[in-house]
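None of the values given here were measured: they were computed from a predicted structure.
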Amino acid sequence: MHRWTDLAQVPPAFGPSVVTIGNFDGVHRGHRSVLTRMVSDARAIGADAVAVTFSPHPARVHHPESAPPLITGIEDRLRLLAQTGLDAVLLLEYTLGFARQTPEEFVRRYLVGGLRARTVVVGRDVRFGWNNSGDLTTMVELGERHGFRVEVIEDLASEPEPEQTTERTAYEESLRHVADPLHRRWSSTWVRELLAEGRVAEAATVLGRAHRVRGVVVHGDARGRELGFPTANLGPETDGMIPADGVYAGWLRRLGRAPGADDAVLPAAISIGTNPTFDGVERRVEGYVLDRTDLDLYGEEVAYELVARLRETLRFDSVDDLVARMHDDVARARETLDAAGGPPADW
Ligand SMILES: Cc1cc2nc3c(=O)[nH]c(=O)nc-3n(C[C@H](O)[C@H](O)[C@H](O)COP(=O)(O)O)c2cc1C
Ligand SMILES: Nc1ncnc2c1ncn2[C@@H]1O[C@H](COP(=O)(O)OP(=O)(O)O)[C@@H](O)[C@H]1O
């Protein structure tokens with residue numbers, strides 16, 4: 001997949017193309033099903049499939065104080081987009097200057113001039129150009145003027161709840177409302193809401209994969225080893241929305257190792273929080289790799305992939321109480337990860 005950050009990088013002979021525009025934060029199942037369908041439609045007419053996406057998120061530029069956290073960082077967004085089979089992504093830097101273009105300027109410059117769009121795929125609620133003045137009607141009019149077709153994608157929602165003939169497991173029960181009777185539309189907002197509540201298993205069903213927080217392993221307070229549970233702490237620069245404080249079962253993936261290499265993915269009990277037992281103030285993302293004491297992860301880029309939330313973070317009266325509870329967490333993390341049937345594939 002070509003990754004372009006500027007129109008100047010698009011080869012002059014590129015196209016014709018089928019183009020879609022969006023933030024694609026999280027590249028969840030709704031995004032993916034639209035994109036994979038678009039890719040096969042493009043193939044069928046001998047066109048290239050392209051997504052135009054933005055960084056930073058427009059909300060961060062227009063309303064920095066209320067902008068939502070990104071579900072995935074830009075590198076993961078591009079990797080996930082590549083998996084859908086897209087031929088190219090045009091990642092545009094979103095600035096106030098960029099946002100001042102009229103709908104027609106944007107369409108003429110990027111979609112028609114740069115990408116030679118024959119089809120533009122948009123959601124019914126599409127908004128684009130200066131002051132969000134362009135909408136679906138504008139896009140259809142521009143298409144008539146500039147020779148492209150507009151395809152509207154309808155909202156994609158979760159499946160209706162299947163008939164249950166056997167008793168649900170506790171795990172299935174916890175997922176029930178994901179397939180709620182309203183078939184809630186798959187959306188980045190939904191994923192953010194779930195993560196903000198620590199509901200990572202449900203977030204995974206909307207994302208179609210476990211949610212990831214990635215960063216570089218730094219030194220912590222050198223206490224973990226004394227407690228019998230060394231933990232790899234992520235530095236302050238993380239990518240991926242940090243879910244609610246709590247203890248989670250998940251995987252530590254070493255991003256510098258080839259997928260499938262020894263020790264590339266390791267089962268872990270993960271703690272997100274300020275370590276209130278020790279009156280900590282910084283929020284930490286750290287994980288203990290089950291049954292290991294021999295690892296040296298400092299300086300490595302890793303991702304924590306969150307499978308299930310085990311409990312909330314607690315302030316214990318004594319270190320012994322914390323350690324006893326950590327033993328219990330480790331046992332439960334092991335059960336959860338065993339039941340998950342091994343580590344997920346990399347993407
Ligand atoms: C499975 C697990 C559960 C944890 N639960 C809590 C908790 O409930 N409360 C708390 O204050 N700290 C909790 N911690 C964090 C420990 O306090 C922290 O790992 C320890 O202080 C070591 O810190 P260090 O890595 O900076 O040396 C937990 C850590 C792990 C790995
Ligand atoms: N099982 C393990 N899980 C996580 N990290 C481990 C493990 N075994 C060894 N390590 C290493 O030990 C470090 C954590 O040790 P710890 O005593 O918690 O100190 P600190 O938190 O100050 O880094 C990790 O960053 C990693 O390099």
Side-chain angles (χ1 to χ4, degrees), residues 1-27 30-58 61 72 74-154 188:
M1 185 185 80
H2 300 288
R3 293 178 175 199
W4 300 314
T5 51
D6 193 286
L7 267 190
Q9 295 166 356
V10 181
F14 185 76
S17 63
V18 178
V19 180
T20 189
I21 308 160
N23 291 303
F24 302 110
D25 185 24
V27 197
H31 292 139
R32 280 211 300 278
S33 78
V34 168
L35 293 167
T36 48
R37 205 186 65 205
M38 191 183 115
V39 166
S40 60
D41 291 353
R43 296 268 182 287
I45 60 164
D48 288 308
V50 187
V52 177
T53 191
F54 309 100
S55 179
H57 194 287
V61 173
T72 55
I74 204 70
E75 179 58 32
D76 283 346
R77 190 195 305 175
L78 291 170
R79 285 168 66 142
L80 289 162
L81 287 173
Q83 275 201 330
T84 64
L86 282 168
D87 297 291
V89 167
L90 178 58
L91 170 66
L92 297 173
E93 187 186 358
Y94 195 90
T95 61
L96 287 174
F98 178 86
R100 271 194 291 273
Q101 297 175 92
T102 65
E104 173 136 34
E105 279 166 346
F106 171 73
V107 163
R108 229 182 324 119
R109 192 148 178 249
Y110 291 93
L111 307 188
V112 180
L115 300 171
R116 276 162 290 276
R118 290 287 174 275
T119 304
V120 174
V121 180
V122 291
R124 199 165 280 291
D125 56 358
V126 62
R127 287 284 169 174
F128 65 107
W130 185 73
N131 249 350
N132 269 346
S133 53
D135 62 8
L136 182 59
T137 312
T138 325
M139 190 63 97
V140 171
E141 282 167 13
L142 289 169
E144 283 163 5
R145 211 171 310 155
H146 293 285
F148 60 81
R149 209 170 60 79
V150 175
E151 191 185 317
V152 180
I153 38 173
E154 300 302 336
S188 303

> Is there a side chain to side chain contact (heavy atoms under 4.5 Å, CB included) between His146 and Leu111 once you walk through the steps?
Replying inline: CA-CA 10 Å; His146 293 285; Leu111 307 188; over 6 Å; no
> Do you know which two heavy atoms are closest between Leu7 and Gly114, and how far apart they sit?
Replying inline: CD2-CA, 3.7 Å
> Which atom pair, heavy atoms only, marks the closest approach of Ala117 to Val19?
Replying inline: CB-CG2, 3.8 Å
Counting C-beta onward and ignoring hydrogens, is there a side-chain heavy-atom pair between [X] and [Y] closer than 4.5 Å?
| X | Y | result |
| --- | --- | --- |
| Val18 | Asp41 | no |
| Tyr110 | Val52 | no |
| Leu142 | Glu104 | yes |
| Phe106 | Ile21 | yes |
| Arg149 | Thr119 | yes |
| Phe54 | Val61 | no |
| Arg100 | Glu105 | no |
| Met139 | Phe148 | yes |

Are the side chain of [X] and the backbone of [Y] linked by a donor-acceptor contact shorter than 3.5 Å?
| X | Y | value |
| --- | --- | --- |
| Asn131 | Ser133 | no |
| Ser17 | Leu115 | yes |
| Thr84 | Leu35 | no |
| Thr53 | Gly22 | yes |
| Arg77 | Asn23 | yes |
| Arg116 | Pro12 | yes |
| Gln101 | Phe98 | yes |

>> Would Asp25 and Thr72 count as a side chain to side chain contact (heavy atoms under 4.5 Å, CB included) here? Give the steps.
In response: CA-CA 6 Å; Asp25 185 24; Thr72 55; 3.8 Å; yes
Interatomic spacing from [atom1] in [X] to [atom2] in [Y] - rounded to 0.5 Å:
| X | Y | atom1 | atom2 | value |
| --- | --- | --- | --- | --- |
| Leu78 | Leu81 | CG | CG | 6.0 Å |
| Leu86 | Leu80 | CG | CG | 11.5 Å |
| Met38 | Arg43 | CE | CZ | 10.0 Å |
| Leu136 | Asp125 | CG | CG | 9.5 Å |
| Leu92 | Thr5 | CG | OG1 | 8.5 Å |
| Asp87 | Met1 | CG | CE | 10.0 Å |

